[in-house]
Amino acid sequence: MKSEPSVYSLQDLAQAPGGTAAWDGVRNYQARNFIRDQMQPGDLAFFYHSSCAQPGIAGIMEVVSQPYPDPTALDPADEHYDPKSDPANPRWYVVDVRYQRALSEVIPLARLKQCPELAQMPLLRRGNRLSVMPVTPEQWRYILTLEC
DNA sequence: GCCAACGTTGGC
DNA sequence: GCCAACGTTGGC
């Protein structure tokens with residue numbers, strides 16, 4: 001799950017009450033589908049820092065809620081408000097995530113790209129712009145071996 | 001700041 | 001339903 005650290009970083013999540021926050025503001029249908037249809041409490045996720053000096057995987061968090069409608073989409077005062085989202089038929093979804101730990105060092109995108117084992121990851125596909133995407137168990141385990 | 005890649009919008 | 005124009009993402 002990607003976030004720009006200048007907007008919301010792993011450290012921000014760590015300092016949130018209970019280390020927990022709603023992963024809100026996702027406004028892409030494919031990413032929405034992953035949240036709404038695939039995520040369950042107990043799932044783990046990498047926190048990826050994008051659009052920054054060192055893009056890469058910064059830490060690990062846990063999904064701690066079922067998917068539910070994104071409240072920011074229904075709040076006219078919120079910058080992520082979507083007037084086309086209907087409370088009776090919500091268009092956008094969130095899950096709550098809880099900080100688990102930071103990696104010993106950020107695993108840079110450039111390092112991930114060097115690994116043939118990870119070539120199939122959507123994250124590494126050319127032109128990928130998804131902010132939420134799946135990681136296979138094999139990819140997950142392999143990435144953790146890159147942590148020194 | 002540049003620009004490639006992609007998603008969305010809207011005219012037809 | 002097509003597709004050009006536009007906006008956004010995100011690495012570099």
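Below, chains carry the letters A, B, ... as their sequence lines are ordered, and counting in each starts from 1.
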Residues touching DNA chain C, which here means a heavy atom under 4.0 Å, drawn from residues 26-36 of chain A: none
So the salt bridge (charged side-chain N to carboxylate O under 4.0 Å, His left out) pairs with at least one residue in residues 19-30 of chain A (sequence neighbours excluded) are A/R27-A/D70
For A/Y93, ring pair (Phe, Tyr, Trp, His ring centres under 6.0 Å) partners two or more places apart: none
Contacts under 3.5 angstrom, residues 62-69 of chain A side chains, donor-acceptor by atom type, not counting sequence neighbours:
| from | atom 1 | to | atom 2 | distance (Å) |
| --- | --- | --- | --- | --- |
| A/S65 | OG | A/D96 | N | 2.8 |
| A/Q66 | NE2 | A/Q40 | OE1 | 3.4 |
| A/Y68 | OH | A/D96 | OD1 | 2.6 |

Sequence neighbours excluded - salt bridge (charged side-chain N to carboxylate O under 4.0 Å, His left out) pairs with any residue from residues 118-127 of chain A: none
Residues which pass ring pair (Phe, Tyr, Trp, His ring centres under 6.0 Å) with A/Y142, listed by chain and number, not counting sequence neighbours: none
Footprint string (nucleotides 2-10 of chain C, 5' to 3'): B base within contact, S backbone only, - free, heavy atoms under 4.0 Å: -----BBSB
With sequence neighbours excluded, residues passing salt bridge (Lys or Arg N to Asp or Glu O under 4.0 Å) with A/R111: none
Under the salt bridge (charged side-chain N to carboxylate O under 4.0 Å, His left out) rule, what pairs show up with a residue in residues 32-51 of chain A, not counting sequence neighbours? none
